Amino acid sequence: MSVMQPHRVLFIPELLGIILSFVDEDDHVNNACVCKQWSEIALDIIWKEVDGLSRLLTLLRPYTITGRYNFFDGLPDSRDWTRFQRYANRVRILRFQQDRDIDYSGLLDDMARTRTTLDMLPNLHTLEWIYEDVECMERATLFMHQRLRRLVISAPPVRHKDKVSFFLDVCVRAPHLHSLDLRVPYRVQHIETAILELLRGLPDLKTIILPEFFLTSSIVSELSRMKHINIVQFEYGREQGFGEEKDVDIFAPVLEEGAFPALWDLAVTARIEHVMRFMNADFAPINLTSLYINTYVEHEPEELHTLLVMLSERCRGLSELYILLAHYVAGESELVPAKQITFNTLAPLLSFPNLSTFQVMHKYPVNITLEEIEELACRWPSLESLTLNEEPLIMHDFTLDLRALIPFALHCPKLRRLGLFIDANPSNISPTLELKPFAALCFLSVGTSRAQDPEAVAAFLSHLCPPKCKLEVGVTWTSFGVRSCRLLDDYLRVEITKRFHPWKSARDILPILIQLRREEREKSRALQEEVEDLRTRTRLLMDKTDIKANDSCIVT
């Protein structure tokens with residue numbers, strides 16, 4: 001009886017690696033037992049990413065837990081390290097977040113004392129080390145080396161702000177970092193000088209991510225002198241850290257000739273007038289393709305209009321533009337029409353030659369009509385993502401309803417995300433209206449919109465939304481920014497919750513209705529094809545018997 005030989009494709013390491021990468025994690029252990037070649041590839045996959053230290057430490061030598069402390073059952077020797085290196089060489093990513101209930105300091109100290117090579121994880125390219133005390137902070141250097149490319153790390157705790165000299169160790173041990181994600185639980189003023197020194201020691205840096213309110217004039221000025229920096233971002237939230245708005249109250253970086261030679265993605269928190277001055281300056285980064293502007297100061301619609309005109313003239317390559325006018329005062333509930341964004345405010349968007357993504361956020365609803373939505377969609381066929389202030393906090397004035405979705409489905413075939421503030425009242429829809437479904441829509445965001453009769457709303461949306469389209473509801477105001485944005489009034493929270501429930505019902509029903517609508521279309525298409533086939537057969541038969549289509553079948 002002949003034995004089936006494995007297909008030759010399974011002996012090509014690159015292809016085999018791709019195939020095995022799709023296998024469930026538990027199956028990799030079995031794959032490692034197939035043969036030597038499979039074993040090497042499976043082990044590479046198993047050990048490529050390591051979350052936490054426990055798995056890595058156990059690999060070196062068994063250890064015991066006494067309370068919150070851990071101890072090896074004996075000091076690691078050369079045989080332990082030889083076995084450890086067989087697997088440690090495969091580790092590319094190490095993630096660690098300190099847990100106050102578990103102390104690994106003794107184990108890490110034993111590793112440092114007994115290691116047989118300087119680099120314990122020589123092929124590590126990404127290190128994520130989130131700690132809460134300086135002892136844990138200092139032990140991060142055990143895993144740093146010249147080949148490290150991406151670092152996600154905390155700053156020294158606030159009570160140890162004087163320990164920022166740790167950043168100098170980072171520069172010496174990992175000088176060729178390409179990406180730095182720095183998480184700081186206090187104001188930038190306590191650490192700004194150290195960040196500037198850190199940047200000067202990382203000449204190959206391409207991406208930097210900081211907490212909000214950390215991109216000060218001094219830091220942006222320093223970044224502008226770095227040859228390879230192409231992404232400058234900030235992130236929101238407690239995990240990244242909260243800064244203070246006052247630290248970026250004045251945004252006036254000094255730009256020299258040759259500033260930002262490689263920058264294409266920039267995010268800043270600044271007043272509109274400061275952004276305009278920055279982008280109008282000599283040597284400004286006008287070759288941006290993505291720009292994110294956040295401000296918590298109240299601005300007039302005319303200021304936004306002027307900004308858009310300037311950017312359309314200066315940044316011709318811009319493809320993504322995000323503008324968050326996140327000014328809100330607790331207790332504010334009255335609409336001020338003169339301060340609403342209008343279609344005329346946004347008209348300069350149509351002058352950008354390459355813009356495909358736009359987001360605007362404002363406390364008041366955008367004052368735009370269905371006719372203006374039609375014009376916007378008709379003149380912007382390349383649109384891929386439009387978030388048109390779907391979550392205003394003054395939310396009782398509507399100019400749009402479900403009909404606002406139709407022009408985008410008709411004229412924007414590349415649209416993947418759409419956010420609108422609407423009064424979803426199906427009674428406004430004519431039953432004879434023909435609806436063309438979206439070609440590529442993945443996310444429909446309705447924010448604080450109002451829905452009446454969720455079943456009818458879902459039925460209407462099922463005509464437009466593709467099968468995998470997700471309906472997003474709710475607000476993001478509370479997830480970022482200053483205190484006045486994060487803490488909403490009780491009546492606002494009640495109203496938002498009240499509006500959420502009908503949309504949730506529509507969201508639950510929508511996938512079922514989309515599937516039914518899809519099946520109906522497939523059946524209709526099949527019937528149409530069958531009719532066409534019968535017509536073709538009839539025509540051929542009539543041609544064969546030389547019978548004219550209008551001849552009578554009655555013989556006289």
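Values in this document were obtained by computation on a predicted structure and should not be read as measured data. Hydrogens, waters and symmetry mates play no part in the numbers below; they use all other heavy atoms, side chains included.
Going from atom CG of Leu53 over to atom OG1 of Thr58 covers 10.0 Å, rounded to the nearest 0.5 Å. Atoms CG and CD1, from Leu210 and Ile195 in turn, are 5.5 Å apart once rounded to the nearest 0.5 Å. Atom CG in Leu182 sits 8.0 Å away from atom CD1 in Ile153 (nearest 0.5 Å). To the nearest 0.5 angstrom, Leu288 atom CG is 5.5 Å from Cys315 atom SG. Separating the CG atom in Asn280 from the CZ atom in Phe278 is a distance of 11.0 Å, to the nearest 0.5 Å. Here Leu415 contributes atom CG and Cys442 contributes atom SG; the two are 9.5 Å apart, rounded to the nearest 0.5 Å.
Between the side chain of Gln97 and the backbone N or O of Gly52, no donor-acceptor pair lies under 3.5 Å. Although no hydrogens or angles enter the test, the distance criterion places no donor-acceptor pair under 3.5 Å between the side chain of Asp103 and the main chain of Asn70. Under the 3.5 Å distance criterion, the side-chain polar atoms of Arg92 are matched with a main-chain donor or acceptor of Asn89. Here the side chain of Thr207 pairs no donor or acceptor atom with the backbone of Ile231 at under 3.5 angstrom. Within the 3.5 Å criterion, the main-chain N or O of Gly74 finds a donor-acceptor partner in the side chain of Arg61. Side chain of Tyr131 to backbone of Ala155: a donor-acceptor contact under 3.5 angstrom is found. Of the possible donor and acceptor atoms, none in the side chain of Trp503 sits under 3.5 Å from a partner among the backbone N and O of Leu471. Looking only at distances, no side-chain donor or acceptor of His145 sits under 3.5 Å from a matching main-chain atom of Met120. When atom types are taken as modelled, the side chain of Arg316 and the backbone of Ser312 share a donor-acceptor pair closer than 3.5 angstrom. Between the Arg90 side chain and the Arg86 main chain, a donor and an acceptor come within less than 3.5 Å of each other.
Residues Leu199 and Ile229 fail the side-chain proximity criterion, which asks for heavy atoms closer than 4.5 Å. In this structure, the side chains of Asn294 and Tyr236 come closer than 4.5 Å at one or more pairs of heavy atoms. Side chains of Leu215 and Leu223 form a contact here, defined as non-hydrogen atoms less than 4.5 Å apart. Side-chain contact between Leu180 and Leu198: present, with at least one pair of heavy atoms (C-beta onward) separated by less than 4.5 Å. Between Glu391 and Trp477 the shortest side-chain heavy-atom distance falls below 4.5 Å. No side-chain heavy atom of Ser154 sits under 4.5 Å from any side-chain heavy atom of Met137. By the 4.5 Å heavy-atom criterion applied to side chains, Leu324 and Tyr292 are counted as neighbours. Within the 4.5 Å cutoff, no side-chain heavy atoms of Phe143 are placed close to those of Val91.
Under the 4.0 Å criterion applied to side-chain N and carboxylate O atoms, Lys414 and Glu384 are not assigned as salt-bridge partners. A salt bridge between Arg139 and Asp109 is present, with a side-chain N of the basic residue lying under 4.0 Å from a carboxylate O of the acidic one.
No more than 12 heavy atoms of other residues, nucleotides or ligands lie within 6.0 Å of CD1 in Ile250, so this atom counts as exposed by the packing criterion.
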Q.
side-chain contact (heavy atoms from CB on, under 4.5 Å) for Met276 and Met310? Distances and angles first, verdict last.
A. CA-CA 8 Å; Met276 290 185 61; Met310 184 271 293; 3.8 Å; yes

Q: Would you sort out whether Leu121 and Val50 count as a side-chain contact (heavy atoms from CB on, under 4.5 Å), showing the intermediate values?
A: CA-CA 11 Å; Leu121 303 176; Val50 176; over 6 Å; no

Q. Stepwise, does the side-chain contact (heavy atoms from CB on, under 4.5 Å) test hold for Asp80 with Thr114?
A. CA-CA 10 Å; Asp80 296 322; Thr114 62; over 6 Å; no

Q. Are Phe234 and Val248 close enough, and set up right, to give a side-chain contact (heavy atoms from CB on, under 4.5 Å), and what steps lead you there?
A. CA-CA 13 Å; Phe234 63 82; Val248 293; over 6 Å; no

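By the side chain to side chain contact (heavy atoms under 4.5 Å, CB included) test, Phe242 pairs with Arg238, Arg486, sequence neighbours left out. His299 is linked by a side chain to side chain donor-acceptor pair (under 3.5 Å) to Thr295, Glu303, counting only residues two or more places apart in sequence or in another chain. Not counting sequence neighbours, the partners of Trp81 by the ring-ring contact (aromatic ring centres under 6.0 Å, His included) test are Phe84. With sequence neighbours excluded, the residues that form a salt bridge (Lys or Arg N to Asp or Glu O under 4.0 Å) with Arg183 are Asp181, Glu239. For the side chain to side chain contact (heavy atoms under 4.5 Å, CB included) test, residues two or more places apart in sequence or in another chain that qualify with Ser382 are Trp380. Contacts of Asp249 classified as side chain to side chain contact (heavy atoms under 4.5 Å, CB included), with partners at least two apart in sequence or in another chain: Arg271. For the ring-ring contact (aromatic ring centres under 6.0 Å, His included) test, no residue two or more places apart in sequence or in another chain qualifies with Phe358. Residues forming a side chain to side chain contact (heavy atoms under 4.5 Å, CB included) with Asp247 (at least two apart in sequence, or on another chain): Arg187, Val188, Gln189, Glu244. Residues that satisfy the ring-ring contact (aromatic ring centres under 6.0 Å, His included) test with Phe500, not counting sequence neighbours, are absent from this structure.
Aromatic ring orientation, Tyr104 versus Phe96: perpendicular (interplanar angle above 60°, classes split at 30° and 60°).
Pairs engaging residues 467-476 under the salt bridge (Lys or Arg N to Asp or Glu O under 4.0 Å) rule: Arg417-Glu472 [sequence neighbours left out]. Residue pairs satisfying the salt bridge (Lys or Arg N to Asp or Glu O under 4.0 Å) criterion with at least one member in residues 110-129, sequence neighbours excluded, are listed as follows: Arg95-Glu128, Asp110-Arg113, Asp119-Arg147, Glu128-Arg150.
Summarising the geometry of Ala112 relative to Leu142, their closest heavy-atom pair is CB-CD2, 3.5 Å, with the distance given to 0.1 Å. The two residues Ile293 and Ala270 make their nearest non-hydrogen contact at CG2-O, 4.4 Å. Residues Leu148 and Thr126 approach most closely at CD1-N, 3.9 Å, considering heavy atoms. Looking at every heavy atom in both residues, Ser290 comes nearest to Tyr322 through OG-CE1, 4.0 Å. The heavy-atom pair separating Pro157 from Val134 by the smallest distance is CD-CG1, 4.0 Å. In plain terms, the two heavy atoms of Gln98 and Asp133 that are nearest each other are NE2-OD2, 2.6 Å.
Using modelled atom types, one finds no donor on one side chain facing an acceptor on the other under 3.5 Å when comparing Glu135 with Ser105. Side chains of Ser54 and Tyr63: a donor-acceptor N/O pair is present below 3.5 angstrom, by distance only.
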Please set out all donor-acceptor pairs under 3.5 angstrom arising from side-chain atoms of residues 251-267, sequence neighbours excluded.
residue: Asp265; atom: OD2; partner: Gln233; partner atom: NE2; Å: 3.2

